[in-house]
Amino acid sequence: MTLVAEALPFTVKLIYWTACEKEIKAIRTKVFVEEQGVPPELEWDGLDEGSYHVLAYAPDGSPIGTGRLLQDGHIGRIAVLLEWRGKGVGRALLEMLLVIANKMGNEEVILHAQTRVLGFYRKRGFTKTGREFMEAGIPHVAMKRKTEDQVSWPAAFVFRPLPRL
């Protein structure tokens, strides 16, 4: 008997900032700047070009979520469009970033979680490392977790082999 996993209604790709800057900016502007009131000068911190980025896509190819990993193992800027929240997109983005961190040699990752989504990160193995603080006018808590268990790509990852020469 062969079991086939149900296909996810979205895919996640590791992408280059320079190739997908427009799509990333559109999602983060909608979520952070428009919905949450983060000042644009705080959202665009100059760290994107040197970071690893992931982008989630709907079946029609439209971008629906994004996240980044800084070189030092700091995960951040995870944003999912409103109509796609609660469907596993954030989890898939985070899983992809954790695998990338592991493969890049980061044994541990850190992030600043908005306090309203602490449960989301706790369910994924993150623990608080300090007291609540304000960042961009929003309450946050620093969190961390090991990456040793993040060695295989998540189900949402899209991999297309290179064509044979």
Side-chain angles (χ1 to χ4, degrees), residues 7-101 106 109-145 147 150 154-158:
L8 295 172
F10 59 87
T11 56
V12 177
K13 296 180 184 180
L14 172 61
I15 50 88
Y16 290 105
W17 167 255
T18 52
C20 296
E21 178 179 352
K22 179 180 167 190
E23 292 88 346
I24 294 168
K25 282 187 170 183
I27 293 168
R28 286 174 36 190
T29 296
K30 180 79 175 155
V31 173
F32 296 127
V33 177
E34 295 174 13
E35 289 179 24
Q36 298 181 4
V38 173
E41 61 273 12
L42 294 180
E43 179 57 32
W44 310 112
D45 58 9
L47 300 175
D48 286 306
E49 195 166 333
S51 300
Y52 299 99
H53 292 269
V54 292
L55 202 52
Y57 295 90
D60 68 1
S62 60
I64 58 171
T66 188
R68 78 176 183 191
L69 171 69
L70 302 180
Q71 298 284 335
D72 66 0
H74 189 121
I75 289 176
R77 304 305 202 265
I78 296 178
V80 177
L81 296 178
L82 182 61
E83 58 272 20
W84 281 91
R85 292 181 200 153
K87 298 179 180 179
V89 177
R91 182 188 73 239
L93 290 165
L94 181 60
E95 287 175 357
M96 180 74 87
L97 291 167
L98 289 168
V99 172
I100 294 166
N106 293 297
V109 292
I110 57 171
L111 56 78
H112 293 169
Q114 293 182 9
T115 56
R116 63 180 186 78
V117 292
L118 285 179
F120 170 82
Y121 291 108
R122 281 190 181 121
K123 285 180 189 174
R124 281 137 194 100
F126 283 85
T127 57
K128 287 174 44 173
T129 61
R131 303 176 105 161
E132 185 176 309
F133 60 93
M134 296 300 282
E135 189 170 82
I138 301 168
H140 283 74
V141 173
M143 302 185 90
K144 68 178 181 178
R145 99 185 278 283
T147 65
Q150 301 295 309
F157 179 60
V158 173

Looking only at side chains, do E135 and Q114 share a donor and an acceptor under 3.5 Å apart?
-> no
Give the intermediate values and the outcome of side chain to side chain contact (heavy atoms under 4.5 Å, CB included) for residues V38 and W44.
-> CA-CA 10 Å; V38 173; W44 310 112; over 6 Å; no
How about R145 and L98: do any of their side-chain heavy atoms sit closer than 4.5 Å?
-> yes
For residues A101 and V109, report the shortest heavy-atom separation together with the two atoms involved.
-> CB-CG1, 3.4 Å
Working to the nearest 0.5 Å, report the span between CE of M143 and OG1 of T129.
-> 8.0 Å
Look only at the side chain of T147 and the backbone of N106, and say whether a donor-acceptor pair between them is shorter than 3.5 Å.
-> yes
What distance do I27 atom CD1 and I78 atom CD1 have between them, rounded to the nearest 0.5 Å?
-> 12.5 Å
Verify, without hydrogens or angle tests, whether Q71 (side chain) and S51 (backbone) share a donor-acceptor contact under 3.5 angstrom.
-> no
Hey, what do you get for OH (Y121) to CG (L94), rounding to the nearest 0.5 Å?
-> 6.0 Å
Here the gap from I100 atom CD1 to L69 atom CG, rounded to the nearest 0.5 Å, amounts to 6.5 Å
Inter- and intrachain pairs under salt bridge (Lys or Arg N to Asp or Glu O under 4.0 Å), touching residues 115-128, at least two apart | none
Any salt bridge (Lys or Arg N to Asp or Glu O under 4.0 Å) involving residues 55-67? Give me the pairs, sequence neighbours left out, ordered by first then second residue.
-> none
List the atom of V141, the atom of G130, and the distance in Å for their closest heavy-atom pair.
-> CG1-O, 3.8 Å
Measuring from F10:CZ to K87:NZ, what's the distance to the nearest 0.5 Å?
-> 10.5 Å
Looking only at heavy atoms, the pair that brings A79 and L93 closest together is O-CD1, 4.2 Å
Heavy-atom side-chain proximity of L55 to V12 below 4.5 angstrom | no
Residues I138, Q36; criterion side chain to side chain contact (heavy atoms under 4.5 Å, CB included); working and verdict = CA-CA 8 Å; I138 301 168; Q36 298 181 4; 3.7 Å; yes
Looking only at non-hydrogen atoms, find the nearest pair between V80 and V31 and report the distance.
-> O-CG2, 3.5 Å
Please tell me if the side chains of I110 and I75 come closer than 4.5 Å, counting only heavy atoms from C-beta onward.
-> no
CG (L70) and CG (L111) are apart, to the nearest 0.5 Å, by 11.0 Å
Sequence neighbours excluded, every pair satisfying ring pair (Phe, Tyr, Trp, His ring centres under 6.0 Å) that has a member inside residues 47-76 = W17-H53, H74-H112
Give every residue pair that meets the ring pair (Phe, Tyr, Trp, His ring centres under 6.0 Å) criterion with at least one member in residues 75-99, sequence neighbours excluded.
-> none
Output every pair passing salt bridge (Lys or Arg N to Asp or Glu O under 4.0 Å) with a member in residues 14-35, not counting sequence neighbours, ordered by first then second residue.
-> E21-K25, R28-E43, R28-D48, K30-E34, E35-R85
Stepwise side chain to side chain contact (heavy atoms under 4.5 Å, CB included) check, I24 with I15 | CA-CA 10 Å; I24 294 168; I15 50 88; 3.6 Å; yes
Taking C-beta and beyond as the side chain, do K144 and T127 meet within less than 4.5 Å on heavy atoms?
-> yes
Any pair counted as salt bridge (Lys or Arg N to Asp or Glu O under 4.0 Å), so long as it reaches residues 50-59, sequence neighbours left out = none
Check whether any side-chain heavy atom of L118 lies under 4.5 Å from a side-chain heavy atom of E132, and answer yes or no.
-> no
